[in-house]
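Letters A, B, ... mirror the listed sequences (proteins, then strands); counts begin at 1.
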Amino acid sequence: MLTLRLPDGSTRQVAGGTRPREVAEAIGKRLARDAVAAKVDGTVVDLDRELPEQGEVAFAVLTDKDADALAVLRHSCAHVMARAVLRLFPGAQLAFGPALANGFYYDIDSPTPIREEDFPRIEEEMRKIVAGAEPFERFERPTPEARALCQDMGQGYKIEHIDDDLKQYPTLSFYRQGEFIDLCRGPHIPHAGKIGAFKLVSIAGAYWKNDASRKQLQRLYGTAFFSQKDLDAYLHQVEEAKKRDHRVLGKQLKLFTISQMVGSGLILWMPKGATVRGILESFIKDELVKRGYQPVYTPHIGRLELYRTSGHFPYYRDAQFPPMWGHDFASIADLHLEQLFKWYNHPDRDSTLIDDAFFAMAQKYVSHFPFEKYRNATSWLAKAGLLKEWLHDLDSYLLKPMNCPHHIQIYKAEPRSYRDLPVRLAEFGTVYRSEQTGELSGMTRVRGFTQDDAHLFVTPEQIEAEVGANIDLVLFVLSSLGLSDYRVRIGLRDPASDKYADVGDPADWDKAEKTLLDLVAARGMNYTAEKGEAAFYGPKIDFVVRDCIGREWQLGTVQLDYNLPKRFDLEYIGKDNTAHKPVMIHRAPFGSMERFMGILIEHFAGAFPLWLAPEQARVCPVSEKFSDYGKKVEAELKPHGLRVSGDYRPEKIGYKIREAQLEKIPYMLVVGEKEQTAGTVSVRDRVDGDLGAMPVAELVARLEAEVREKRIRQVSTATTGLADDTARYAE
RNA sequence: GCUGCUGUAGCUCAAUGGUAGAGCGCGUCCUUGGUAAGGACGAGGUUUCGGGUUCAAGUCCCGACAGCAGCUCCA
């Protein structure tokens, strides 16, 4: 006998090996009809999976009301889509096809590429399959047989998956639906007829096993719901979310622009955007003064030697703008070195061609390069080595990819005593990174950006308090702006990755990682610890938010670093009158002004709270006759530091209101005959509408209070994910 | 960087291989008004750039550049 603990708290005795379907039938006809899957001790299973023989389990029948059921439905819909594709694209091979937070995808390798034009006929085929309402039938095979079955079906990726990841299991499960069989862990809905509505969304490339060195497959995205109504609501929500896109609003509200003449990924802040940014910067600066930071300014470039010492140059070469070599030959040699590597990856290229071009250029410029040695080198590796070595002896300047090396030099500029620590050096430091073209995105991923950066040099005893204070600072900043929809990620090193191979002592890493984990745990914060997410010099705590289409972006960050102090040989004199190594904390509560602004635009849907609004109020005279009075009101508000403008065009009041409303100006000040006579203004609130007339002094008091309190009246927190990285890998 | 899609007026978008259009915005004039769009007229284009096919290219082909979506990357 098996005891089931039902969601209502009651228990029920059933025979061992009973199926959830039978339990549902026993409970009620309607439940049996609506059942989609079941949940046993937190695990979602098919309705036909046998329950344990004995003991006691938590048991629930899942219907279309449960989020878990929706995920099952979507995974099943992925199978339906794959089945349709196999019918229409013979020879197509299937890779992975999981459910996502808002839909599903299936990675497919088809001999004839699938195009968006094919969506209607794939959907048509899917409709037929759904109408057929055939059941999803689970069966298991011993792993060698399972492999053979995949071979029979010509599904090479499934075989590779078995060989790579599933060999340790004695048996593997498949799901059959009509002629379609797929290696799959499940669970699935009882039959395809449960899929009430679905839609293919997009198609994109995706690498097999997420590895850029492997074959690129086609990833078909779709979504599915229990009803057409839910699908329509979702699509509507997606459309609404897109209206908040900072790239759209940034243009509409004249906050920023990007010019191809300046370059892609380089943000030009327009006056209104710059106003918001300026206020945010002042806000942070005020906090930093209170928290014992000292301002510094450092230049935008630095010697290559600086970044060789810090490790940035060797580690992130690809992501940096090339060094400004002091010697023309160096840039040629640098380019040549790159070509050598390319040539190595494409052995069909003729290396003598590169060499000839190289020599022709090189001999014009330089005599102290070991030409003979280079010519006689027998392997590409030897050539690359010579070039590298020679280049390494040359100095140059680099656009700074990070601020820390500069700040470190300020620390080093004077002898430090333990009495001076912690030293907290802060700067809105602008950095440049040559991000891959495919990565650039509005303000959220750019090539030049300003970090609200600071570096803290502390004694080991101070780490806990200082990291803790910085976590608090980030939380304070986020809450000041009403940003509550974020997650906390602790980035740890991945010992298997060579990214961390040469930097730092494993003991220091362990110590640093433990410190961060302990601090966050002590605060009771929810977090995920992710391997391989650490910076190359140390672990970090990141605050991650989502944009309007569901992509995740790191904003605030606090990073602990034992390594750069060693690389730069930093020290302070301790109580014992001997030199000690300080520990560094890198931190940026906003992250970058650009990215933060982009997220903030979406967060407020462009309707900034009064304290941030680039234009706080606009005077709108009812007719030109009252322009003079309007200008008088404007002049009375400005000395209070209020950002006020006036609309004195010969337009009707309705038109002026509409424009101000679309520009998301918090207050519209209507003045006409009545106001002029009474010496008042009629106040229209962006959110609440007409507030009636009031004296100017009352208006000033009202606005000043709202600014002082940094009052937030409207936010748009609902994010709609078209994409989601919490994919459930149910193969 | 990879795969796919896209690139037409300041913005959003039309235009079967045959004279490039609309709405909004902009300018001028009329209108002087009471809380989300008054009216008239007008200016505005090397259809991203470079090649090619064709009697003829915004339209078809190739390449570059840029944007979008996804993948990879992200100090």
Side-chain angles (χ1 to χ4, degrees), chain A residues 105 107 113-117 201-221 242 245 247-248 251-252 254 257-260 263-265 307 310-313 315-316 318-320 400-405 431 433-442 445-446 451 453 491 499 503 532-538 540 542 549 551 553-554 557 559 561 564 586 588 595 620-627 649-663 668-675 682-686 689-693 722-723 725:
Chain A
Y105 68 75
D107 285 346
I114 301 165
R115 307 177 144 270
E116 226 157 293
E117 293 111 80
V201 173
S202 65
I203 190 163
Y207 299 104
W208 167 232
K209 296 206 169 182
N210 288 337
D211 181 346
S213 67
R214 299 210 207 199
K215 180 154 188 185
Q216 193 160 31
L217 313 173
Q218 289 189 290
R219 179 168 293 179
L220 265 70
Y221 284 91
K242 281 185 184 164
D245 191 320
R247 293 164 296 191
V248 175
K251 189 179 272 181
Q252 272 170 14
K254 299 181 182 172
T257 187
I258 296 170
S259 155
Q260 289 324 310
S264 55
Y307 303 106
S310 69
H312 289 99
F313 183 62
Y315 278 90
Y316 292 100
D318 293 345
Q320 286 159 9
K400 74 173 166 188
M402 279 192 93
N403 299 304
C404 30
V431 297
R433 299 176 188 177
S434 176
E435 303 284 7
Q436 300 184 75
T437 52
E439 280 311 329
L440 299 175
S441 178
R445 190 82 184 261
V446 294
Q451 299 175 310
D453 210 356
K499 177 175 170 185
V503 186
E533 286 292 322
F536 75 88
Y537 47 70
K540 54 182 185 159
D542 291 331
I549 55 174
R551 289 181 294 207
W553 302 100
Q554 174 200 316
T557 183
Q559 313 177 350
D561 175 9
L564 291 183
H586 309 235
R595 179 176 290 179
C620 300
V622 167
S623 85
E624 277 181 304
K625 279 188 276 186
F626 311 105
S627 290
R649 295 173 304 173
E651 292 292 348
K652 288 186 154 182
I653 186 65
Y655 184 85
K656 293 180 185 178
I657 296 284
R658 177 184 152 81
E659 276 211 342
Q661 200 76 42
L662 290 175
E663 287 179 49
M668 287 143 272
L669 310 177
V670 179
V671 292
E673 179 96 53
K674 286 179 287 186
E675 292 77 11
S682 280
V683 180
R684 181 190 163 96
D685 181 294
R686 177 180 59 200
D690 195 352
L691 301 180
L722 287 177
D725 62 347

| A:R658 side chain N/O closer than 4.0 Å to the phosphate oxygens (OP1, OP2) of B:rU35? | no
| Nearest heavy-atom neighbours spanning A:A535 and A:Q559 | CB-OE1, 4.3 Å
| query | If the P atom of B:rU6 is compared with that of B:rU16, how far apart are they to the nearest Å? | reply | 15 Å
| note | So CZ of A:R219 and CD of A:Q216: to nearest 0.5 Å the spacing works out to 10.0 Å
| Contact pattern, 5' to 3', of nucleotides 1-15 of chain B - B, S or - by protein heavy atom under 4.0 Å | BBB-S-----SS---
| Expressed in angstrom and rounded to an integer, what is the separation of A:K254 atom NZ from B:rC26 atom C1'? | 10 Å
| Can a side chain N or O of A:Y316 be found less than 4.0 Å away from OP1 or OP2 on B:rA75? | yes
| remark: Comparing nearest nucleotides in RNA chain B, the 5'-proximal residue of the pair A:Q451, A:S264 is A:S264
| query | Where the side chain of A:Q218 meets the backbone of A:I114, is there a donor-acceptor pair that is under 3.5 Å apart? | reply | yes
| task | Between B:rA9 and B:rC24, how far apart are the C1' atoms? Round to whole Å, please. | result | 12 Å
| Rounded distance in Å - CG (A:L440) to C1' (B:rC73) | 12 Å
| Taking the side chain of A:E651 as heavy atoms from C-beta outward, which of B:rC71, B:rA75, B:rG38 is closest to it? | B:rG38
| query | In whole Å, what separates the C1' atom of B:rG38 from that of B:rU31? | reply | 7 Å
| message | Nearest whole Å is fine: how far is B:rG34 P from A:K674 NZ? | response | 10 Å
| task | May I ask you to say whether A:R247 pairs ionically with A:D245, meaning some side-chain N is under 4.0 Å from a carboxylate O? | result | yes
| query | Has A:K652 got a side-chain N or O lying under 4.0 Å from the OP1 or OP2 atom of B:rU32? | reply | no
| message | Using the C1' atom as the point on both nucleotides, what is the distance between B:rG44 and B:rC2, in whole Å? | response | 40 Å
| Watson-Crick or G-U wobble partner of B:rG58, both distances under 3.5 Å | none
| query | Which is true for A:E675 with a 4.0 Å heavy-atom rule: it touches a base, it touches only sugar-phosphate, or it touches nothing? | reply | base
| Taking atom CZ of A:R595 and atom CD of A:Q451, what is their separation to the nearest 0.5 Å? | 10.0 Å
| task | Figure out the NZ/P separation between A:K625 and B:rU31, and round it to whole Å. | result | 13 Å
| request: Indicate the ring-plane relationship of A:H312 and A:F536, choosing parallel, tilted or perpendicular according to the 30° and 60° boundaries. | output: perpendicular
| message | Need one value for A:A319: base, sugar-phosphate or nothing, where a base atom within 4.0 Å counts as base even if backbone is also close, heavy atoms only. | response | base
| Does A:R649 make a side-chain N or O approach to OP1 or OP2 of B:rU32 shorter than 4.0 Å? | no
| field | Identity of whatever pairs with B:rG34 - Watson-Crick or G-U, under 3.5 angstrom | value | none
| Hey, does the side chain of A:K400 reach the backbone of A:Y307 with a donor-acceptor pair shorter than 3.5 angstrom? | no
| said: Please report the distance separating the C1' of B:rG10 from the corresponding atom of B:rG4, rounded so that it comes out in whole Å. | reply: 30 Å
| Looking at A:S441 and A:R551, what are the two nearest heavy atoms and their distance? | OG-NH2, 3.6 Å
| A:V431 versus A:P401: any side-chain heavy-atom pair under 4.5 Å? | no
| If you pin A:S623 and A:C404 to their nearest nucleotides in RNA chain B, which one's is more 5'? | A:S623
| request: State the pairing partner of B:rA15; accept Watson-Crick or G-U wobble contacts with both distances under 3.5 Å, and report none otherwise. | output: none
| query | To the nearest 0.5 Å, what is the distance between NZ (A:K209) and CG (A:L217)? | reply | 11.5 Å
| request: Give the nucleotide from the list B:rA69, B:rA36, B:rA75 with an atom nearest to the side chain of A:S202. | output: B:rA69
| said: Say we look at B:rU3 and B:rU46: how far apart would their P atoms be, to the nearest angstrom? | reply: 33 Å
| said: Could you identify the nucleotide paired to B:rA9, looking across every strand shown and requiring Watson-Crick or G-U wobble geometry with both distances under 3.5 Å? | reply: none
| remark: Pairing partner of B:rC2, by Watson-Crick or G-U wobble and under 3.5 Å for both distances, is B:rG70
| Now, which nucleotide makes the Watson-Crick or G-U wobble pair with B:rC41, with each of the two distances under 3.5 Å? | B:rG27
| message | Does A:E659 reach a base, just sugar-phosphate, or nothing at all? Heavy atoms under 4.0 Å. | response | nothing
| message | Measure CG/A:D107 against C1'/B:rA69 and give the value in whole Å, please. | response | 15 Å
| query | Between B:rA69 and A:R551, is there an OP1 or OP2 to side-chain N/O distance shorter than 4.0 Å? | reply | yes
| Reckon A:S682 touches a base, only the sugar-phosphate, or nothing at all at heavy-atom distances under 4.0 Å? | base
| said: Tell me which nucleotide, if any, is Watson-Crick or G-U wobble paired with B:rA64 when both distances must be under 3.5 Å. | reply: B:rU48
| Aromatic stack A:Y655/B:rA36: centroid gap under 5.5 Å, interplanar angle under 30° | no
| task | Check whether the side chain of A:R445 and the base of B:rC74 form a donor-acceptor pair under 3.5 Å. | result | yes
| query | Rounded to the nearest Å, what distance is computed from the NZ atom of residue A:K656 to the P atom of nucleotide B:rG34? | reply | 12 Å
| Gap between atoms CZ and P, on A:R684 and B:rG34 respectively (whole Å) | 15 Å
| Separation of atom CG in A:D318 from atom P in B:rA75, rounded to whole Å | 13 Å
